[in-house]
Amino acid sequence: MIAEKFVLDLCAQAATALYNAKNMELQVSKTRREFIGDYTLVTFPLLRTSKKSPEETATQIGQYLKENFVQVADFNVIKGFLNISLSEQFWSSALCDMIATPNYGFVCNNGRRVMVEFSSPNTNKPLHLGHVRNNLLGYSVAKILEACGNEVMKVNLVNDRGIHICKSMIAWQRFGAGETPSSTGLKGDHLVGNYYVKFDQAYKAEIKELMATGMSEDEAKKNAPIIIAAQEMLVRWEAKDPEVYALWQTMNGWVYDGFEQTYRTMGVSFDKTYYESNTYLLGKKLVEIGLSKGIFYKREDGSVWIDLTEDGLDEKLLLRADGTSVYMTQDLGTAVERYGEFHFDDMTYVVGNEQNYHFQVLKLILKKLGYNWSDAIYHLSYGMVELPAGKMKSREGTVVDADDLMQAMVDEAREMSQELGKLDGLTAQEIENISKMIGLGALKYFILKVDPRKTMLFNPAESIDFNGNTAPFIQYTHARIKSLLRKAEGSPMVLNSCVNAKEVEIIKLLLEFADAVAQAGEQHSPAVIAAYAYELAKEYNQYYHDFPVLRSDVELQDRAQRLLIASQVATMISRAMGLLGINSPERM
RNA sequence: GGCUCCUUAGCUCAGCUGGAUAGAGCAACAGAUUUCUAAUCUGUCGGUCAUGGGUUCGAAUCCCGUAGGAGUCACCA
């Protein structure tokens, strides 16, 4: 982009000089591969000012550029398109500049404070494939925003209270027989999740029994003893009943240990974790304030609502008739608490698109309460992950567990590597490390390369494919370059002014990195970075194969240039992959 | 039904501030290795950009209609 901007600037100068055009909207883009040139000026928008034919205009500007700027080596005109070729000198010096810039592509502090919330698990079951997309997106977006110069705070919000956790607790009391993670060897979140499933099974059985006695389905659902027990437990919890509270803390503790392990494997982390059990009370206070200001209203049964019909939305519940809080209540509380603590310029929520409406309402309510910073809230709404068989349904057992999935990826990576003999002679520890980098990298890249907003299909078989547009392919390119650099240690790395066409392509890509980061930040899309990393790896592989004469030892000069370019490619690949939370192995 | 989003090659996806003949990967087929690690590379095959209109020099991209799909409209979170 730096080169693109440069060309744009030259064209603007030319247009001003030739046609006295001011504030022209000039369009410069990369020249398509089938034409000769580096960048192309589209002359159509200029015609009104130049009052000449497209060809004439393009030729005039081209000649002006060639005569006045040494960086412009040549030009050609096809229809209304002016294709501009920059000089080899320009490319080699651009690359030199880039090499001289530490942390190229990353911006220093821009003074903005941003918060990114992601993960947001419930404490009644383990993380699944949907959470995987959430966590990877959140972590990567945070990294990218940081690279764009923001001060970033990564936060998690744990939904640790509510009827769901009570269900697991009830089931554990009834069927658990004192089981603990250490007594069963199960991860805490899996153990608790199992009881959640057991609750559901028992609940269904009771409904069936009641219906057999002639009760309607709705009635049976309300009157099943086990659900009543769960609801009673929730009331006792809100009253801080010591026995219930202790059990709640114990079981949540198991879950946190399990989550911690999953997060560590996944490679994500947080700067702060919020708990719904702490923020829902503040939410309730806000509801009172809203009531006193007349923004909310109370119905006869005591429930509190806000009427948003004038804004084209519905009426929304904020407090149940029994005074207990709902999702919106605590989210309001959490938002206000966070702003008070951090005074963010931007608050990104990484939450699935099934909650689009929720966030629309959240922003609106905050605004009505007088919090103008609600404009800073951005809902990064990602699409669902579907499986070839269809949707994930916990009831049908088609949920893909995050831990299982990651383990399967690592195992697969190890097997494939071993089959190819890539791991021969390495220690067990090295094998494990490399398998993890590859298996998890494959998973992460497979998910992150897709536009976050889109519903995506997760195909297990394809995700472990190590060819094509995948992380292993990119990692492999990186590892090979590292291998080259190890062998060439001590050799000089110098760029001469003579760069071939392939090298120019690579330099272009390298220069575009900064722009890719900025764009990914604006769009909150790691997919932009993924596409860039893949292009770079692919371009490099072609470069390597297109110039076989450079393969064997040739003159020092050629080797020196090759090494320099290779080294820059490796650096940029590694930086790009870093933004995706993916490791770039030195060998694989 | 209301609102929001989606539909591009057999499959998975890019491309979207309007620009040239719409691109990758996978799958299929045909080739390339005295290498910097072949987990690679090259080539072939594959398209009515869901559909019908509109805007204009020019539309996959912007606007409207239609069809198909998803999400949401809970005293769940």
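Everything numeric in this text was worked out from a predicted model, so none of it was measured.
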K.L.:
Under 4.0 angstrom, heavy atoms only, what part of the nucleic acid is Q355(A) near: base, sugar-phosphate, or nothing?
P.N.:
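Base contact.
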
K.L.:
If pairing requires Watson-Crick or G-U wobble contacts with both distances under 3.5 Å, which nucleotide is the partner of G68(B)?
P.N.:
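Base partner found: C6(B).
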
K.L.:
Quote, to the nearest angstrom, the C1' distance that separates G18(B) from C11(B).
P.N.:
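G18(B) and C11(B) have their C1' atoms separated by 30 Å.
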
K.L.:
Considering only atom P, compute the distance from A50(B) to C16(B) and round it to an integer number of Å.
P.N.:
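Rounded to whole Å, the distance is 16 Å.
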
K.L.:
Looking only at the side chain of F81(A) (C-beta and beyond, no hydrogens), which of the listed nucleotides A20(B), C13(B), A39(B) gets closest?
P.N.:
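Closest of the options to the side chain of F81(A): A20(B).
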
K.L.:
I'd like to know whether the aromatic ring centres of Y256(A) and Y275(A) sit less than 6.0 Å apart in this structure.
P.N.:
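Between Y275(A) and Y256(A), which both carry aromatic rings, the centre distance is below 6.0 Å.
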
K.L.:
With the side chain of N122(A) defined as its heavy atoms from C-beta on, choose the nearest nucleotide among A77(B), A20(B), U40(B).
P.N.:
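The listed nucleotide nearest to N122(A)'s side chain is A77(B).
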
K.L.:
With a 4.0 Å cut-off on heavy atoms, is S29(A) in touch with a base, just the backbone sugar-phosphate, or nothing at all?
P.N.:
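It contacts nothing in the nucleic acid.
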
K.L.:
Distance-only, no hydrogens or angles: does the H478(A) side chain make a donor-acceptor pair with backbone N or O of P585(A) under 3.5 Å?
P.N.:
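Yes, H478(A) side chain to P585(A) backbone: donor-acceptor pair under 3.5 Å.
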
K.L.:
Looking only at the side chain of D451(A) (C-beta and beyond, no hydrogens), which of the listed nucleotides A14(B), A20(B), C11(B) gets closest?
P.N.:
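So the nucleotide nearest the side chain must be A14(B).
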
K.L.:
Does a side chain donor of either H164(A) or N159(A) reach within less than 3.5 Å of an acceptor in the other side chain?
P.N.:
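No, because no side-chain N or O of H164(A) sits under 3.5 Å from a partner of the opposite role on N159(A).
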
K.L.:
Are Y543(A) and Y540(A) an aromatic pair by the rule of ring centers under 6.0 Å?
P.N.:
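Yes, the ring of Y543(A) comes within the 6.0 Å limit of the ring of Y540(A), centre to centre.
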
K.L.:
Just compare C76(B), G23(B), U40(B) and give me whichever is closest to any side-chain atom of R32(A).
P.N.:
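For R32(A), the side-chain atoms sit closest to G23(B).
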
K.L.:
So which of residues 529-538 of chain A are in contact with RNA chain B, with a heavy-atom cut-off of under 4.0 Å?
P.N.:
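Only Y534(A), K538(A) qualify.
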
K.L.:
Record whether the side chain of S417(A) comes under 3.5 Å of the base of A39(B) through a donor-acceptor pair of N or O atoms.
P.N.:
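Counting by modelled atom types and ignoring angles, a donor-acceptor contact under 3.5 Å is found here.
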
K.L.:
Measure CD/Q523(A) against P/A14(B) and give the value in whole Å, please.
P.N.:
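Going from Q523(A) (CD) to A14(B) (P), I get 12 Å.
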
K.L.:
Between atom CZ in R453(A) and atom P in U72(B), what is the gap in whole Å?
P.N.:
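Value for this atom pair: 20 Å.
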
K.L.:
Whole angstrom is fine here: how far is it from NZ in K363(A) over to C1' in U4(B)?
P.N.:
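Atom-to-atom, K363(A) to U4(B), this comes out as 15 Å.
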
K.L.:
Starting the side chain at C-beta, find the nucleotide from A14(B), U40(B), A77(B) nearest to K454(A).
P.N.:
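Output: A14(B).
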
K.L.:
Among the nucleotides C13(B), C26(B), C76(B), which one has an atom lying closest to any side-chain atom of N467(A)?
P.N.:
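Ranking C13(B), C26(B), C76(B) by closest atom to the N467(A) side chain puts C26(B) first.
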
K.L.:
Classify the nucleic acid contact of N459(A) as base, sugar-phosphate or nothing, counting any heavy atom under 4.0 Å across all strands shown.
P.N.:
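The residue N459(A) makes no contact with any strand.
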
K.L.:
Taking atom C1' in both U8(B) and U61(B), compute the distance separating them and give it to the nearest angstrom.
P.N.:
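Straight-line distance between the two C1' atoms is 12 Å.
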
K.L.:
Determine the Euclidean distance between corresponding P atoms of C62(B) and G1(B); express it in Å to zero decimal places.
P.N.:
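Each nucleotide's P atom is 26 Å from the other's.
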
K.L.:
Hey, are Y532(A) and Q519(A) close enough side-chain-wise for a donor-acceptor pair under 3.5 Å?
P.N.:
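No donor-acceptor contact under 3.5 Å links the two side chains.
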
K.L.:
Under 4.0 Å, heavy atoms only, any strand: does D322(A) hit a base, just the sugar-phosphate, or nothing?
P.N.:
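The residue D322(A) makes no contact with any strand.
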
